[in-house]
Amino acid sequence: NPKYPDLARQAGIEGTVMLNVLVGDDGKVLQVSVLQTDVTPAMDKAAIEAAKQFLFKPAKQRTVPVRARMMVPIRFKLHGG
């Protein structure tokens, strides 16, 4: 889960950051960029930092692991209310 920036939490900002993630042939994240966002720049940064920690099952071409790009949505939602 991304770290919810304090100011965004206090302001009650919720939304989604759509990330473009390049996954290496070992399943580790090589590159992350923002495709679409409806939240603050601090939240975009938190989403990117969270995505860098992900470990994916690598894509395969036949039986060989390969690099692949994928879209990953990161949602910021406040609980309760």
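- Expressed to the nearest 0.5 Å, how far CZ of Arg75 lies from CE of Met43 amounts to 12.5 Å.
- Remark: Leu30 pairs with Leu22, Arg67 by the side-chain contact (heavy atoms from CB on, under 4.5 Å) rule, at least two apart or across chains.
- Scanning for side-chain contact (heavy atoms from CB on, under 4.5 Å) contacts around Val17 gives Leu19, Val34, Thr37, Val39, Asp44, Ala47, Phe76, with sequence neighbours left out.
- Qualifying side-chain contact (heavy atoms from CB on, under 4.5 Å) partners for Gln61, counting only residues two or more places apart in sequence or in other chains: Val66.
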(request) Start with the C-alpha distance between Thr40 and Ile13, add both sets of side-chain angles, then the distance that settles side chain to side chain contact (heavy atoms under 4.5 Å, CB included), and finish with yes or no. (result) CA-CA 8 Å; Thr40 70; Ile13 299 171; 3.6 Å; yes

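- Residues Pro73 and Thr16 share a closest heavy-atom pair of CB-CG2, 4.1 Å.
- Partners of Lys52 according to the salt bridge (Lys or Arg N to Asp or Glu O under 4.0 Å) rule, which considers only residues two or more places apart in sequence or in another chain, are Glu49.
- Atom NZ in Lys45 sits 11.5 Å away from atom NZ in Lys3 (nearest 0.5 Å).
- The distance from the CG atom of Asn20 to the CE atom of Met70 is 10.0 Å, given to the nearest 0.5 Å.
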(request) Report the C-alpha distance between Val23 and Phe54 in whole Å, list the side-chain angles of each, state the deciding distance to 0.1 Å, and finish with yes or no for side chain to side chain contact (heavy atoms under 4.5 Å, CB included). (result) CA-CA 10 Å; Val23 179; Phe54 293 171; over 6 Å; no

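- Scanning all heavy atoms of the two residues, the minimum distance from Pro65 to Pro58 falls at CB-CB, 4.2 Å.
- Atom OH in Tyr4 sits 11.5 Å away from atom CD in Gln10 (nearest 0.5 Å).
- No side-chain donor-acceptor contact under 3.5 Å links Asp38 to the backbone of Gly15.
- Minimum heavy-atom separation, Ala59 to Ala68: CB-CB, 3.6 Å.
- Remark: Lys28 engages Asp26, Leu55 in a side-chain contact (heavy atoms from CB on, under 4.5 Å) (not counting sequence neighbours).
- If you chain together ILVMFWY residues whose side-chain heavy atoms come under 4.5 Å of each other, Met71 ends up grouped with Met18, Leu35.
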